[in-house]
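Notes for the one structure printed next.
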2 protein chains.
Amino acid sequence: MMISITEENYLKAVFSATHLSEGRVGNQIIAEKLTVNPASVTEMLRKLQDKKLIEYTRTDGAKLTKEGLKAALKVIRKHRLWETFLVIHLNFKWDEVHEVAEQLEHIQSDKLLDELAAFLGNPGFDPHGDPIPDKNGKMQNMKCKILSDAAIGQKVKVVKVNDNAASFLKYLDKQGIALADKIIVKEIQDFDQSVLVELKGKKEVYLSAAAAKKIMVE
Amino acid sequence: MMISITEENYLKAVFSATHLSEGRVGNQIIAEKLTVNPASVTEMLRKLQDKKLIEYTRTDGAKLTKEGLKAALKVIRKHRLWETFLVIHLNFKWDEVHEVAEQLEHIQSDKLLDELAAFLGNPGFDPHGDPIPDKNGKMQNMKCKILSDAAIGQKVKVVKVNDNAASFLKYLDKQGIALADKIIVKEIQDFDQSVLVELKGKKEVYLSAAAAKKIMVE
DNA sequence: AATATAATTTAGGTTACCCAAATTATATTA
DNA sequence: TAATATAATTTGGGTAACCTAAATTATATT
Ligand SMILES: [Mn+2]
Ligand SMILES: [Mn+2]
Ligand SMILES: [Mn+2]
Ligand SMILES: [Mn+2]
């Protein structure tokens with residue numbers, strides 16, 4: 001069965017909206033994610049249902065079928081492998097990879113996918129700490145929590161960021177925070193939930209509550 | 001100015017049909033190259049003329065403008081760099097790369113293009129011996145000729161193939177002929193122009209006239 | 001010059017995508 | 001329960017890239 005680029009993007013959107021909540025998504029959320037008109041979403045969700053890639057009812061919204069999930073995970077696997085390639089081998093910064101990966105994830109070639117994964121050493125995580133699904137769609141699950149939930153005095157390791165926007169990633173660069181860094185939670189301010197952390201080299205920085213919610217640690 | 005994937009493919013077709021003859025192409029040739037209806041070609045060539053990417057008249061056919069040539073060469077550069085990457089780093093055979101490169105050549109990212117070229121060491125030729133345009137569109141020109149035109153007794157080096165079809169490339173693999181191989185022309189049969197060549201290891205094989213015309217040597 | 005052949009264009013569709021605005025269904029709230 | 005807000009669907013329309021068949025225009029051949 002042939003899945004178009006647009007269809008792949010819709011499947012990804014359904015996945016990312018449902019994989020945490022285990023529920024269903026409405027048209028609006030998807031329309032927003034894809035910056036597309038809700039009418040277009042209705043049209044496309046119907047088509048994806050005809051293709052048995054999602055289940056869809058007007059009232060409950062959409063969720064992926066087994067087939068649809070497989071397809072979505074394959075696209076995500078490609079996306080994250082390409083991001084990894086760009087950072088490790090082509091001197092891209094972690095805030096520069098997403099746009100290009102959005103294009104590369106739609107290249108169709110099983111051999112390319114397998115060889116790329118092998119070339120990279122079958123990595124488990126991408127440059128943002130997101131798990132890379134394996135050939136069967138399995139992802140390593142990490143028992144991490146948001147930095148805001150860490151106890152004061154705890155020494156934690158940064159393992160993932162929840163926001164891949166270039167602006168946020170550059171902000172972390174400027175603060176001197178990178179994936180795999182070990183940091184110590186010194187204080188959490190009562191009045192604004194901002195977090196004071198100690199980085200390597202004893203450097204201390206304040207992170208806003210919003211920023212601290214986007215940093216995952218273990 | 002935005003150039004769609006389809007438009008890029010038309011520009012490539014115009015290029016490959018004109019760059020040798022220095023002339024112009026008619027609708028029919030392009031229709032054939034792209035396996036598309038001549039009427040569709042008329043439509044698209046008009047559009048490309050509006051965009052100032054080609055010059056086009058009904059009687060003389062189409063040729064690229066300076067702008068159009070630049071765009072076409074950029075796509076070709078990407079195509080050949082990706083083919084090189086696939087062969088050198090991802091274990092692709094030279095008969096497996098073309099299809100995937102047809103997709104990869106449309107990825108839009110100047111940084112990706114620059115970094116990929118640098119990663120490969122700015123190669124001058126692709127796995128089929130085709131020259132790779134540099135950033136400014138300049139290609140190394142090679143003074144080579146078809147194997148059929150080599151003199152008997154001459155020792156020549158295989159530098160390029162004129163047919164990238166998987167069937168032909170696999171045939172060469174089977175015969176034991178690869179790029180950069182040195183071969184000796186032993187005989188050319190009068191009655192069918194077939195060529196007897198000596199490969200390394202003294203092995204001798206007959207190549208049909210058709211095959212010999214698709215092998216470039218120097 | 002007349003005619004035959006080849007190339008191109010016109011005319012009228014199709015499919016896959018998109019959007020704005022109007023309508024209808026479902027929740028909320030008063 | 002009725003009024004109102006929110007969500008989903010329908011209607012109507014648009015674009016890009018293709019298609020076929022028929023008409024037109026160029027180029028060759030007699
Ligand atoms: Mn990404
Ligand atoms: Mn990522
Ligand atoms: Mn190729
Ligand atoms: Mn090639």
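Here is the naming used below: chain letters follow the sequence lines, and residue numbers restart at 1 for every chain.
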Q | A:Asp110 and A:Lys74 ion-paired at < 4.0 Å | A | yes

(Q) Below the 4.0 Å mark, does C:dT8 have OP1 or OP2 next to a side-chain nitrogen or oxygen of B:Tyr56? (A) no

Q | Contact nearer the 5' end of DNA chain D, comparing B:Thr35 with A:Asn27 | A | A:Asn27

Q. Which whole-number value in Å describes the distance from A:Gln28 CD to D:dT6 P?
A. 10 Å

Q: Measure from NZ or CZ of B:Lys111 to the centre of the six-membered ring of A:Phe92, then state whether that distance is under 6.0 Å and the direction lies within 45° of the axis.
A: yes

(Q) Does A:Lys63, at its NZ atom, have more than 12 non-hydrogen atoms belonging to other residues, nucleotides or ligands within less than 6.0 Å? (A) no

Q. Counting side-chain heavy atoms from CB outward, which of D:dC18, C:dA6, C:dC18 is closest to B:Thr6?
A. D:dC18

Q: For A:Ile30 and D:dA8, give me the distance from atom CD1 to atom C1', rounded to whole Å.
A: 12 Å

Q. Can a side chain N or O of A:Asn37 be found less than 4.0 Å away from OP1 or OP2 on C:dC18?
A. no

Q.
Only pairs with both distances under 3.5 Å count, Watson-Crick or wobble alike; so what is the partner of C:dT8 in this structure?
A. D:dA23

Q: To the nearest Å, give me how far apart CE (B:Met44) and C1' (D:dT15) are.
A: 12 Å

Q | A:Ala39 side-chain proximity, nearest of D:dC18, C:dA20, C:dC18 | A | C:dA20

Q: Starting from P on C:dT26, measure out to CG on A:Asp60 and report it in whole angstrom.
A: 11 Å

Q: Check whether any side-chain N or O of A:Thr42 sits under 4.0 Å from OP1 or OP2 of D:dT9, and answer yes or no.
A: yes

**Q.** Nearest-angstrom distance from the residue atom CZ of B:Arg24 to P of C:dA7
**A.** 18 Å

Q) Which sits closer to the 5' end of DNA chain D, B:Glu43 or A:Thr59, going by the nucleotide each is nearest to? A) A:Thr59

(Q) How many whole angstroms separate atom CZ of B:Arg46 from atom C1' of D:dT15? (A) 18 Å

Q. Are A:Lys51 and A:Glu67 ion-paired here, with the side-chain N under 4.0 Å from a carboxylate O?
A. no

Q.
Distance check needed: C:dA16 C1' versus A:Ile5 CD1, whole Å only.
A. 13 Å

Q. Roughly how many Å is it from CG in B:Asn9 to C1' in D:dA16, rounded to a whole number?
A. 15 Å

Q) Do the side-chain N or O atoms of B:Arg58 get closer than 4.0 angstrom to the phosphate oxygens (OP1, OP2) of D:dT27? A) no

Q. For A:Tyr10 and C:dA16, is the shortest distance between a side-chain N/O and OP1 or OP2 below 4.0 Å?
A. no

Q. Can you find a heavy atom in the side chain of B:Trp94 that is under 4.5 Å from one in the side chain of B:Leu172?
A. yes

Q. What is the nucleic acid contact for B:Val41, judged by heavy atoms within less than 4.0 Å: base, sugar-phosphate only, or nothing?
A. nothing

Q: For D:dA17, give its Watson-Crick or G-U wobble partner with both distances under 3.5 Å, or none.
A: C:dT14

